[in-house]
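Here is the structure we will look at.
The figures that follow rest on heavy atoms only: side chains count, while hydrogens, waters and symmetry mates do not. Sequence positions, counted from 1, serve as the residue numbers for this chain.
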Amino acid sequence: MIEDVLPADVMPAEAFDDDADIHHRALQWPVGVVGSMTHCSGYRAAAVVARADRLHSVGSDAEESAPLPGDLLDLLDLVVLPTERDLVERLGAQSDAVPWDRSLFSCQDAVHKAWFPSLFPCP
């Protein structure tokens with residue numbers, strides 16, 4: 001639980017806002033706390049929490065170690081630069097030991113999680 005990783009003097013806020021607004025799935029961290037949470041198949045969850053006076057934001061992502069399925073590959077093309085996509089293609093051609101497309105997808109998702117609260121602060 002989030003409460004287990006927060007300092008004792010920080011009270012947890014509501015975890016999710018059930019309203020159908022832009023914050024529907026955004027975690028609601030307590031005032032003065034920033035954090036990021038992630039999970040994927042075979043990996044329960046990870047939370048990274050810090051005091052807002054030490055870090056502006058935090059982003060994390062976990063993905064299974066497998067190539068992206070076609071629908072996510074199409075999505076990736078919408079959110080990365082052509083040069084990034086080309087690099088992933090070249091790295092993948094050298095070795096299939098690392099699913100580079102999924103690694104790039106995971107990086108952009110972690111950046112999004114760190115960036116989103118700055119653009120759309122919770123009410």
Side-chain angles (χ1 to χ4, degrees):
M1 302 234 15
I2 296 292
E3 294 85 357
D4 295 334
V5 296
L6 293 176
D9 63 332
V10 175
M11 297 301 294
E14 294 297 318
F16 291 96
D17 178 4
D18 289 331
D19 295 335
D21 63 12
I22 197 164
H23 299 287
H24 178 66
R25 294 188 49 172
L27 284 168
Q28 304 292 305
W29 296 99
V31 173
V33 174
V34 295
S36 180
M37 185 174 259
T38 189
H39 56 88
C40 67
S41 177
Y43 185 71
R44 292 256 189 223
V48 180
V49 180
R51 291 189 175 276
D53 61 350
R54 297 204 171 201
L55 287 176
H56 178 70
S57 63
V58 178
S60 63
D61 188 56
E63 296 285 338
E64 63 181 294
S65 183
L68 281 175
D71 58 336
L72 289 181
L73 201 52
D74 293 342
L75 178 62
L76 183 67
D77 287 334
L78 296 174
V79 297
V80 301
L81 297 172
T83 53
E84 294 169 323
R85 189 71 168 96
D86 291 345
L87 177 61
V88 163
E89 298 275 337
R90 286 195 315 274
L91 290 169
Q94 292 175 11
S95 170
D96 62 358
V98 174
W100 292 105
D101 55 352
R102 179 126 10 204
S103 296
L104 181 57
F105 183 84
S106 182
C107 290
Q108 75 78 31
D109 199 31
V111 168
H112 171 78
K113 289 177 183 181
W115 185 48
F116 183 86
S118 298
L119 289 178
F120 303 101
C122 292

Worksheet item: In terms of the angle between their ring planes, are H112 and F116 parallel, tilted or perpendicular, with boundaries placed at 30° and 60°?
Response: tilted
Validation row: [X], [Y] side chains within 4.5 angstrom (heavy atoms):
{"X": "F105", "Y": "L72", "answer": "yes"}
{"X": "L73", "Y": "R85", "answer": "yes"}
{"X": "S103", "Y": "Q108", "answer": "no"}

Indicate if [X] and [Y] have the same hydrophobic cluster label, given that clusters are the connected sets of ILVMFWY residues with side-chain heavy-atom separations under 4.5 angstrom.
{"X": "L91", "Y": "L104", "result": "yes"}
{"X": "V48", "Y": "V33", "result": "no"}
{"X": "W115", "Y": "L78", "result": "no"}
{"X": "V34", "Y": "W29", "result": "no"}
{"X": "V111", "Y": "V80", "result": "no"}

Can you measure from [atom1] ([X]) to [atom2] ([Y]) and round to the nearest 0.5 angstrom?
{"X": "L81", "Y": "L87", "atom1": "CG", "atom2": "CG", "answer": "11.5 Å"}
{"X": "S106", "Y": "D101", "atom1": "OG", "atom2": "CG", "answer": "11.5 Å"}
{"X": "S118", "Y": "H56", "atom1": "OG", "atom2": "NE2", "answer": "3.0 Å"}
{"X": "C40", "Y": "D109", "atom1": "SG", "atom2": "CG", "answer": "11.0 Å"}
{"X": "D77", "Y": "E84", "atom1": "CG", "atom2": "CD", "answer": "11.0 Å"}

Considering all heavy atoms, the nearest [X]-[Y] contact:
{"X": "R102", "Y": "E64", "value": "CD-O, 3.2 Å"}
{"X": "D61", "Y": "K113", "value": "OD1-NZ, 3.6 Å"}
{"X": "Y43", "Y": "A62", "value": "CD2-CB, 3.7 Å"}

With a cut-off of 3.5 Å and sequence neighbours excluded, list every side-chain donor-acceptor pair involving residues 92-99.
residue : atom : partner : partner atom : Å
S95     : OG   : A97     : N            : 3.1

